[in-house]
A.B. asks: 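Input: one structure, supplied below.
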Amino acid sequence: MADMNPKKTPMPSQAPDIRNRNFDEVALGYTYEMAVGEAKRCLGCKHKPCVSACPVGIDIPAFIERIANEDLHGAYEVLSHSTSLPAVCGRVCPQENQCEGKCVRGIKGESVGIGRLERFVADWHREHANEDPVLPAPNGHKVAVIGAGPSGLTCAGDLAKQGYSVTVFEALHVAGGVLSYGIPEFRLPKSIVAEEIEGLKKLGVSIECNTVIGKTLTVDDLFDMGYEALFIGSGAGLPRFMGIPGESLKGVYSANEYLTRINLMKAYKPNSSTPIKRSKKVAVVGGGNVAMDAARCAKRLGADEVYIVYRRGMEELPARREEVEHAQEEGIIFKLLCNPIEVLGDANGDVCGMRCVEMELGEPDASGRRRPVVKDGSEFVLEIDTMIMSIGTSPNPLIRNTTPGLETNRHGCIVVQNEDGLTSREGVYAGGDAVTGAATVILAMGAGKKAAAAIDEYLKSK
Amino acid sequence: MFEILEKKALNPTVIRMTIAAPRVAQKAEPGQFVILRAGDESERLPLTIADFDREKGTVTIIYQIVGAGTMELHSLNVGQCLHDFVGPLGVATHTEGLKKVCVVGGGVGCAIAYPVAKKLQSQGAEVHSIIGFRNSELVILEDEFRQISSELKLMTDDGSRGEKGLVTAALESLIQNGHNYDEVIAIGPLVMMKFVCQVTKKYGIKTMVSMNPIMIDGTGMCGGCRLTVDGETKFACVDGPDFDGHLVDFDEAIARSSMYREQEQHAREASCNLFSKEA
């Protein structure tokens, strides 16, 4: 009989007024007892609604049952059958919209803490197991993966498990993509990302950093080098700006630059060789998860006032509820229904303020959300010294500009024929943000997984 | 790994380094750049490619020891390896169809101007070169420029070598002497490029400049290297580094280049102390 407690086992966390001054992980993870207890809340539904809502199709009731039976090895085996990055997904997936959103326990109470349990199993395995994976017999086929982010790593892992010789080409000096440069240490420790990548290397995946496809090598070079199929998971890395006056003043960052300096280049460490502005008053423009990350980083770097400036209301914030709550607890100030129209600078060209207008919500627009319209005569100046633009990104043009015959749409996204991710070029598959525009880690992983299966089928039938 | 094959001081603070990087050498063209990291904890340092040898698989860079990053690079010697070396990045300098060009280099910018001048000369263009330095001690690549230029003006601020004066004065006198250039290519400090552009604008001569702003990734991801060109925002790393100098907002670029001046000063002093402790 399942434990019928309507509440999820709470996640032990650092207190808000402590954690907003350090970069250590906020959520500390379940203990063994908490995990086994939480696992016993699962009803083990036969129709498994949670599984249908998981982009990589993890057999959720099966892994949870094994935790309840204290078989953590078994639980890890179930996870690793479907995901190459369980420690990452357990931390950054929007479970409330996926598995946990469909959990039957969520109807009359709180859902089972599926994400927290996934994280627990992955962390337990990392600490307790050190056996090397059993490598499949090589099948003699070579596949190249472009981009070592969530979609590329997933695709590479799945292909390696089937005996393919897989090389991942990464532009930056470390693998991980957004897991390394974007998501901050306090949400996803980089040592965990590094260990998950180490796990893929043990499976035989080779990772070549410092290689920009479209510059160092082209897609056609890769075919000439003997790769028989390609997966493009190059992400959506190009930051958007608003196009308002003053965006080139000193102290205006894209969220990408701000987060890359902090996460990839470790600017938060006292001995880092990468400079970052030590701000007092910061405005982050945008309302997504990236905006929350940037705001929480700014607070941790010592800013007194950090604002989230978003042109719609609380209900419309695209960020995960949990991220918004964490930000609020840490003292981030939400300036909603507010839109900047000009960045103001002083005589030295440093940011000293932001001219804003207040907004109100009108009729729903094409996205179904109520369209923000400017309130007449509502102009005011917000005093700030740093502005961080977090209003979205688009795919990088380097690959599409150097790959003849690769179809892209007007947003610069690679066009795929179907769910498998086949592009307009034979043998070239794509997935993740490079196809969809900026989305989530888990959707990118799902796309990488489907493409791996399609590449396997393509090469077997060739 | 990216082994250092050669390291030679061109003047007390400007160093030439040749590095084994076969894939970069295979694709490199004049005007493009690389990003390197000396060690595991180093910053990403963008440097323009000074030369390359496809057969030997080598890329040559020339750097001036100015900050913590270049000091760290300078602490490595022949036989040691750079931790990271990625490229070639950016768009190559357009040299096609040019018949008569004046190449203007300032200080360490001459290191970038030279491969462009060499390529122009090898394509049959008539090349005039003006190279400027603060004083005779800092002169680099004089012989190299002389070999490929039908006219060479060497300028120093204090007159300790060549002619005393600024590169802009030399350029203006060449133009006034009746030389009709298809294009002027100016590579050097922002202020120099700004004033070269003011001269050439007066005479209606198209002028390309090579911008070297603060950047991190070099692939269009951070947007830190953005410039205003003809009223539009451009990223130097993917749209450049070469731009039409008459359209570049130099004052904005000069302001942006000082973003981290204070922190760089601290870093430089910190590394100096480290070096002096070791010594």
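Just so it is clear: chains get the letters A, B, ... in the order the sequence lines come, proteins before strands, and each one is counted from 1. The figures that follow rest on heavy atoms only: side chains count, while hydrogens, waters and symmetry mates do not.
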A.B. asks: Non-hydrogen atoms of chain A under 4.5 Å away: do they reach the side chain of Ile214(B), the backbone, both or neither?
C.D. replies: side chain
A.B. asks: Where does Phe85(B) contact chain A at under 4.5 Å (heavy atoms): side chain, backbone, both or neither?
C.D. replies: backbone
A.B. asks: With a 4.5 angstrom heavy-atom cut-off, which part of Leu172(A) approaches chain B: side chain, backbone, both or neither?
C.D. replies: both
A.B. asks: Picking from Ile276(A), Val174(A), Leu259(A), Leu398(A), which has the most non-hydrogen pairs under 4.5 angstrom with chain B?
C.D. replies: Ile276(A)
A.B. asks: In chain order, what residues pass the ring-ring contact (aromatic ring centres under 6.0 Å, His included) check against Phe33(B), with sequence neighbours excluded?
C.D. replies: none
A.B. asks: Using heavy-atom distances under 4.5 Å, tell me whether Val252(A) contacts chain B through its side chain, its backbone, both, or neither.
C.D. replies: both
A.B. asks: If I measure from the heavy atoms of chain B, does Leu249(A) come under 4.5 Å with its side chain, its backbone, both, or neither?
C.D. replies: backbone
A.B. asks: How would you list, by chain and number, every residue that makes a ring-ring contact (aromatic ring centres under 6.0 Å, His included) with Phe195(B), sequence neighbours excluded?
C.D. replies: none
A.B. asks: Which heavy atom of Gly223(B) sits nearest to which heavy atom of Phe241(A), and what is that distance?
C.D. replies: O-CZ, 4.3 Å
A.B. asks: Show me, pair by pair, the donor and acceptor atoms from chain B and chain A that are under 3.5 Å apart.
C.D. replies:
| from | atom 1 | to | atom 2 | distance (Å) |
| --- | --- | --- | --- | --- |
| Arg23(B) | NH1 | Glu208(A) | OE1 | 2.6 |
| Arg23(B) | NH2 | Glu208(A) | OE1 | 3.4 |
| Lys27(B) | NZ | Thr216(A) | O | 3.4 |
| Lys27(B) | NZ | Asp221(A) | OD2 | 2.4 |
| Glu41(B) | O | Ser273(A) | OG | 3.1 |
| Glu43(B) | N | Ser273(A) | OG | 3.2 |
| Arg44(B) | NH1 | His173(A) | ND1 | 2.8 |
| Asp84(B) | OD1 | Asn210(A) | ND2 | 2.8 |
| Gly87(B) | O | Thr216(A) | OG1 | 2.8 |
| Gly90(B) | O | Lys215(A) | NZ | 2.8 |
| Thr219(B) | O | Asn396(A) | ND2 | 2.6 |
| Met221(B) | O | Asn256(A) | ND2 | 2.8 |
| Cys222(B) | O | Ser254(A) | OG | 2.6 |
| Arg226(B) | NE | Glu247(A) | O | 3.4 |
| Arg226(B) | NH2 | Glu247(A) | O | 2.6 |
| Arg226(B) | NH2 | Val252(A) | O | 2.9 |
| Glu252(B) | OE2 | Ser248(A) | OG | 3.3 |
| Arg256(B) | NH1 | Ser248(A) | O | 2.9 |
| Ser258(B) | OG | Lys250(A) | NZ | 2.8 |
| Tyr260(B) | OH | Tyr253(A) | OH | 2.6 |
| Tyr260(B) | OH | Arg261(A) | NE | 3.4 |
| Gln263(B) | OE1 | Ile276(A) | N | 3.3 |
| Gln263(B) | NE2 | Ile276(A) | O | 2.8 |

A.B. asks: Listed by chain and number, what are the salt bridge (Lys or Arg N to Asp or Glu O under 4.0 Å) partners of Asp242(B), not counting sequence neighbours?
C.D. replies: none
A.B. asks: I need the residue from Pro275(A), Cys209(A), Gly349(A) with the largest number of non-hydrogen atom pairs under 4.5 Å to chain B.
C.D. replies: Pro275(A)
